[in-house]
J.: 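For reference, the structure I am asking about is given below.
Keep in mind that this is a model prediction, so the values were computed, not measured. Residue numbers begin at 1 in each chain, while the letters A, B, ... track the order of the sequences. Basis for what follows: all heavy atoms, side chains included, without hydrogens, waters or symmetry-related copies.
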Amino acid sequence: MDERNFFQQLAFDFTRCFITEDRWQLLLKGILVTIEVSLVAIALGTIIGFLIALCNLSKNKFLKAIGGVYTDVIRGTPSVTQLMIIYFVIFATAPIPKWLIASIAFGINSGAYVSEIIRAGIQSIDKGQTEAGRSLGLNASQTMTRIVLPQALKNIFPALCNEFIVLIKETAIVGYVGLMDIQKAGDFIKSATFTAFMPLFATAIIYYVLIKLLTLGLKQLEKKLRKSDVR
Amino acid sequence: MIKIKNLKKHFGELEVLRGIDEHIQKGEVVCVIGPSGSGKSTFLRCLNLLEEVTEGEIYVDDELINDPKADINLIRQKMGMVFQQFNLFPHLKVIDNITLAPVMLKKMTKEEANKRALELLDRVGLKDKANVYPASLSGGQKQRVAIARALAMNPEIILFDEPTSALDPEMVGEVLDVMKDLAKSGMTMVIVTHEMGFAREVATRVIFIDEGVVQESGTPEEVFGNTKNERAKAFLSKVL
C-alpha cells in the first residue's frame with residue numbers, strides 16, 4: 001500500500017465512522033452522558049466520603065462499625081458488579097432515569113475511596129491545631145470546619161483529583177446497564193462499520209482531552225489553595 | 001481564681017499526677033518548674049481540660065469545670081493558652097489567626113476584632129506582619145502572634161506551656177519580654193518553663209513539681225534561695 005492509498009483509506013474510514021449517518025452525534029451524546037454521570041457521581045462520592053470518614057473517625061462504636069463495613073464491602077467488590085446490582089436489583093423498578101442510577105452507583109463506590117482519603121487527610125493535621133482551636137473556646141465542629149478541614153483539604157487535594165480522574169474513567173462501564181456513553185458510542189460505531197482503529201482511537205482521545213481539561217482546571221485551583229505556603 | 005483539689009491524672013497504668021492541691025489567685029504569675037516527665041505540662045493542660053482529669057476537682061471562678069454538665073467551651077474562653085509549638089493556623093493570615101475565635105464566638109464584630117488585633121499586634125511589636133501567613137515568620141514572631149491570639153479573647157488567665165522551649169536561643173528574649181510586659185499589666189499567668197532567670201525575675205510564686213506532686217511552692221527567693229526540699233535542691237543544682 002503506497003502512501004496515497006493509506007491516506008485515502010484513512011479519510012474513507014473517517015467519513016464512514018463519523019460523518020455517515022451523522023455518527024459523530026453518537027459520540028457527542030456519549031460525552032454528555034459521561035460528563036453527566038461523572039459530575040453527579042463526584043459530588044455524591046465526596047459527600048458520602050466525608051460522612052463515612054467522620055463515621056470512621058468517630059468515637060461512637062456504632063458509627064465506626066457502619067464506616068468500617070461500608071469501606072470494606074465497597075472496596076472488596078468490583079464496581080461493575082456494584083453497578084449491576086444497583087441497577088438491576090435495587091432500583092430495578094424505580095422510576096429514576098438510567099443515568100442517575102449509574103451516578104448513584106458510582107457515587108457510592110467512590111465514597112469508599114474518598115472516605116479513606118479524607119480520613120488520612122484529617123489525621124495528617126497536627127493535634128496541636130485542634131488543641132489551639134479548642135483552647136480558644138471553639139467547639140469540636142467549629143474547630144473541624146474552620147481549622148482542620150481547610151488544611152486537610154489542601155493536603156489531600158492531589159489524591160482527591162486522582163480519585164475523580166479514576167472515577168471518570170470508571171464510568172466507561174455504564175454500557176453494562178444500557179447507557180450510551182463515550183465508550184459505548186465508540187463500541188457501537190465499531191460494530192456498525194466493522195472498523196476498530198478509528199472509533200477506538202476517537203474514544204481514547206475524547207477521554208484523554210476531557211481528563212486533561214479537568215487536570216488543568218484542578219491545577220489552577222490547587223495553586224490558589226497553596227497561597228498560604230509562601231515564605 | 002483557680003482551685004485545684006487532689007488532681008490526679010493517669011495515662012493507662014502510668015500515674016502522671018498523683019494528687020495536686022493548688023490555689024491560683026487573681027493577678028498571680030505562677031511559674032511551674034521541674035524535670036522533664038515530672039507532670040508539669042500535664043498539670044497545665046488539665047487546667048483547661050485539654051487533658052481529661054482522672055480524679056479530683058478543678059474550680060475556675062468557683063465553677064467545677066470537670067463536671068460533665070459544665071460548658072467547657074465557655075470556660076476556655078476565659079483561659080488563653082500558649083503552646084510550645086505555637087500552633088498558629090497556617091492557612092490563615094496573622095490577623096485572621098487572631099480574629100477567628102472572637103468573631104466566630106460572637107464576642108466582637110469583624111471590624112472590632114480587626115481593630116483589636118492590630119492593637120495587640122502593635123503591643124507584641126508585629127503590626128507590620130498582620131497580612132502575612134505564619135509560614136513567613138520566625139519562631140519568636142510566631143510565638144508573639146500566638147500570645148496576641150490568646151489575648152484577643154480577653155481572657156482572665158493565660159496558660160503558657162513551655163513557650164520558649166522550641167525557640168532558637170536568640171529569639172527567647174523577645175518572647176520573654178512580651179510575657180514580662182503582660183505580667184506587669186496584671187494578667188494572671190501560669191507558666192511552665194525552663195527559664196529559671198525569667199521565673200526568678202517575674203514570678204510571684206514558683207511551684208516545683210516532681211513525680212506528679214507539688215514538692216515545693218513559694219516565692220522565687222524561697223524556692224531558688226534556700227529550699228529545704230531535697231528533690232528541688234538536686235534539680236536546681238543541675239539547672240542553675
J.: At a heavy-atom distance under 4.5 Å, which candidate from B/M81, B/Q84, B/M153, B/R45 has the highest pair count against chain A?
T.: B/R45
J.: Report which part of B/F89 has an atom under 4.5 Å of a heavy atom belonging to chain A: side chain, backbone, both, or neither.
T.: both
J.: Do B/T193 and B/E162 have side-chain atoms, one donor and one acceptor, less than 3.5 Å apart?
T.: no
J.: Which bit of B/M79 comes within less than 4.5 Å of chain A, counting heavy atoms only: side chain, backbone, both or neither?
T.: backbone
J.: Side chain, backbone, both or neither: which part of B/R149 has a non-hydrogen atom closer than 4.5 Å to chain A?
T.: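 Its backbone and side chain both get close to chain A.
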J.: Got more than 12 heavy atoms from elsewhere within 6.0 Å of CG, B/D62?
T.: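 Result for CG/B/D62: open.
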J.: Looking only at side chains, do B/N154 and B/R116 share a donor and an acceptor under 3.5 Å apart?
T.: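 Yes.
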J.: Judged by modelled atom types alone, do A/N139 and A/S141 share a side-chain donor-acceptor pair under 3.5 Å?
T.: yes
J.: When only pairs under 4.5 Å are counted, which of B/V82, B/L50, B/L159 shares the most heavy-atom pairs with chain A?
T.: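 Among B/V82, B/L50, B/L159, the one with the most close pairs to chain A is B/L50.
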J.: Can you tell me which of B/L100, B/I75, B/N73, B/N87 forms the most heavy-atom pairs within a distance under 4.5 Å of chain A?
T.: B/N73
J.: Heavy-atom pairs under 4.5 Å with chain B are the metric here; pick the option from A/K154, A/Q142, A/R146 that has the most.
T.: A/R146
J.: Before giving the answer on side-chain hydrogen bond (donor to acceptor under 3.5 Å, both in side chains), spell out for A/S79 and A/N109 the whole-Å C-alpha distance, their side-chain angles and the decisive distance to 0.1 Å.
T.: CA-CA 7 Å; A/S79 40; A/N109 177 273; 4.6 Å; no
J.: What residue, out of B/D71, B/L105, B/L137, B/L88, has the most heavy-atom pairs lying under 4.5 Å from chain A?
T.: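 Highest number of heavy-atom pairs under 4.5 Å: B/L105.
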J.: Here's one to test your reading of the geometry: is the NZ or CZ of B/K9 within 45 degrees of the ring axis of B/F11 and under 6.0 Å from its centre?
T.: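 Yes, B/K9 sits over the ring of B/F11.
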